[in-house]
Amino acid sequence: MQESSKKNAAPKKTKKGKKVEEEVDPEEFRTDKDSKYIPLIKTGCGMYIKDWKYKNEKDNFAQKHDSEIIKNDKRREVESEIKVRVVEILKDELKNLKLALESGKGKKKKKGKKGKKGKKGKKGKKGKKKEKDLTAGRTIESLYEELIQAGIIQAPTELHLKDFVYNYNILDSSTDKKIVEPCLLDLHQILTEYCILPLGFDSISDAIPKINSILLFGPKGVGKNAYVNAIATETGATLFNLSPRNTMGQYPGKAGVVKMLHMVFKVAEACAPSIIYINEAEMVFAKKVPKDNPSDPKRIKKLLIKYAKKLKGKILLIGTSYKPWDCDTKGLLSVFKKGIMIPKPDYNTRYLLWKYYIKYFGGEWSSLKYINLSLLTKLTDKYTAGAIKALCERVITDKRITTNKMKPLNTQEFIMQIAEMIPINNDDEKQFKTFFEKLPIQKRRIASFAEADEDPKNKKKDAKGGKKDDKSKKGKKK
């Protein structure tokens, strides 16, 4: 009370009316406005409010580091370094372009002089007609808008490769096989190397063989369309959907098809990186189109082959198929240079899928005490990831969640639904394997294995025999 009364008391006055200076309390904390430490403290407080104040650390009992914060900090450093390199590359490119323009002007003058001499052969070679630009008077923005209205340019569903459930195929006995079938982990590596890196970077594409067209094939439900969306999300590419069912009724007639494909490939080149996606690609090259298919898929076949040969830059043509053998395979593989099989999930991946989807549809309440995951994994050997998801969705309904406390979820409920689902047909599985082995890369591998399997003794005998034959031939000639 005495201290407060001292503070609130008015300053004493002298006889002349002058104020006496207040006594300074040495224990009172006062800040210096000009101090160099105040801005550092403010920035530290701002970082705490931004990164840590509203962060939930309940599950982080061990107080592990946050990788996202470290990545964000390092990302800025990397961006600054990349900007410097990009500027240098652009300067070099500008110099090269200027040199090319100057050299081009000189060549044109020389060509004019040669033309007077009357060399008809060379004129014939140079006289190739350039393709007419059907949309020369229109801007890229107007073409882009038209393709959006037609439903050809679509926003991909946001998916990342890390969102997929996959693992090594631990139980595969690969020692007896000449060609090991790829597992889902191998698939992710291939998609990263051949799709994501070439579309996302320029410098890396020199070390990797550049492929502008890919065919993803596999049974229904393995996630072919999901992988297309994931590639588009990871690269930030513009997605053009040229699937026959999507373009049905759009741009009718031959002139309409020519205009549609011209617009798609022109806008794709301007808005690179771009992905041109064709679902059910086998229908484009089908020998006979089913009567119940009104989409007329074969109308884009000729022009697609023509444009596929000219693909370059950051444009990727992706086709998906669940029956790649049910068409003209030569025509299909002439357009799509690389075939990638999406396999059905192996035992380890199916186990993780069951665990993931039960928790995904069940939420926090779902416990695995009364569920035999190993049994469910063995029973779904012939099922895809999409089928396992559908099974969990059927069993774990909103009504079932409310009754879980009284009656916990058990294995029998899932087995009843498995009995109603249709697995992958054995004949289809064999056809996928035979088609996979007929791919050019697989043929080369089989040939290399066949050469390695030959006995070295036989090779030596053949080599000696060959030499003797050569000698005998030479003797006869003499």
Residue pair [X] / [Y]: nearest heavy atoms and the distance that separates them:
{"X": "F336", "Y": "I318", "value": "CE2-C, 4.0 Å"}
{"X": "I276", "Y": "A268", "value": "CD1-CB, 4.2 Å"}
{"X": "L199", "Y": "I315", "value": "CD2-N, 4.2 Å"}
{"X": "T320", "Y": "K224", "value": "CG2-CB, 4.0 Å"}
{"X": "A281", "Y": "G319", "value": "CB-CA, 4.2 Å"}
{"X": "L332", "Y": "P324", "value": "CD2-O, 3.9 Å"}

*Given side-chain contact (heavy atoms from CB on, under 4.5 Å), test K42 with M47 step by step and report yes or no.*
CA-CA 9 Å; K42 284 181 179 178; M47 286 173 67; over 6 Å; no
Just checking [X]: does its [atom1] atom have more than 12 heavy atoms from other residues, nucleotides or ligands closer to it than 6.0 angstrom?
{"X": "D163", "atom1": "CG", "value": "yes"}
{"X": "I422", "atom1": "CD1", "value": "no"}
{"X": "K301", "atom1": "NZ", "value": "yes"}
{"X": "K389", "atom1": "NZ", "value": "no"}

Pairwise distance [atom1]([X]) to [atom2]([Y]) - rounded to 0.5 angstrom:
{"X": "N229", "Y": "Q154", "atom1": "CG", "atom2": "CD", "result": "9.0 Å"}
{"X": "I342", "Y": "L216", "atom1": "CD1", "atom2": "CG", "result": "4.5 Å"}
{"X": "K399", "Y": "N404", "atom1": "NZ", "atom2": "CG", "result": "14.5 Å"}
{"X": "E234", "Y": "L197", "atom1": "CD", "atom2": "CG", "result": "10.5 Å"}
{"X": "T238", "Y": "I275", "atom1": "OG1", "atom2": "CD1", "result": "9.0 Å"}
{"X": "L239", "Y": "C271", "atom1": "CG", "atom2": "SG", "result": "12.5 Å"}

Would you say the side chain of [Y] lies within less than 4.5 Å of the side chain of [X], judging by non-hydrogen atoms?
{"X": "I153", "Y": "V264", "answer": "no"}
{"X": "P244", "Y": "D296", "answer": "no"}
{"X": "V257", "Y": "T247", "answer": "no"}
{"X": "L316", "Y": "I211", "answer": "no"}
{"X": "H65", "Y": "I70", "answer": "yes"}
{"X": "K220", "Y": "T384", "answer": "no"}
{"X": "L317", "Y": "Y277", "answer": "no"}
{"X": "L439", "Y": "K338", "answer": "no"}

Is a side-chain donor-acceptor pair under 3.5 Å present for [Y] with [X]?
{"X": "T380", "Y": "W354", "answer": "yes"}
{"X": "N241", "Y": "S243", "answer": "yes"}
{"X": "S321", "Y": "E282", "answer": "yes"}
{"X": "S374", "Y": "Y347", "answer": "yes"}

Are [X] and [Y] ion-paired here, with the side-chain N under 4.0 Å from a carboxylate O?
{"X": "E429", "Y": "K382", "result": "yes"}
{"X": "D428", "Y": "K323", "result": "no"}
{"X": "R76", "Y": "D73", "result": "yes"}

[X] and [Y]: aromatic ring centres closer than 6.0 Å?
{"X": "F265", "Y": "F240", "result": "no"}
{"X": "Y251", "Y": "H262", "result": "no"}
{"X": "F435", "Y": "F217", "result": "yes"}

*Anything under 30° is parallel, anything over 60° is perpendicular, the rest tilted; go ahead and classify Y356 against Y360.*
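Parallel: the ring planes of Y356 and Y360 meet at under 30°.
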_Mutual orientation of the aromatic rings belonging to H188 and Y227 [parallel < 30°, tilted 30-60°, perpendicular > 60°]_ =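 Answer is perpendicular, since the angle exceeds 60°.
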Main-chain N/O of [Y] paired to [X] side chain as donor or acceptor, under 3.5 Å:
{"X": "N212", "Y": "G313", "answer": "yes"}
{"X": "T233", "Y": "H160", "answer": "no"}
{"X": "N246", "Y": "G151", "answer": "yes"}
{"X": "T235", "Y": "I231", "answer": "yes"}

*Report the C-alpha separation of L242 and M260 in whole Å, then their side-chain angles, then the decisive distance to 0.1 Å, and conclude whether the side-chain contact (heavy atoms from CB on, under 4.5 Å) test is met.*
CA-CA 9 Å; L242 265 181; M260 179 178 71; 4.1 Å; yes
*Does NZ or CZ of K344 fall inside the cone over Y383's six-membered ring, less than 6.0 Å from its centre and within 45° of the axis?*
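No, K344 does not lie over the aromatic ring of Y383.
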*side-chain contact (heavy atoms from CB on, under 4.5 Å) between R400 and L409, worked out*: CA-CA 9 Å; R400 183 67 187 83; L409 197 68; 4.0 Å; yes
*Please assess L391 against M421 for the test side-chain contact (heavy atoms from CB on, under 4.5 Å), listing each intermediate value before the final yes or no.*
CA-CA 8 Å; L391 283 165; M421 294 285 283; 3.4 Å; yes
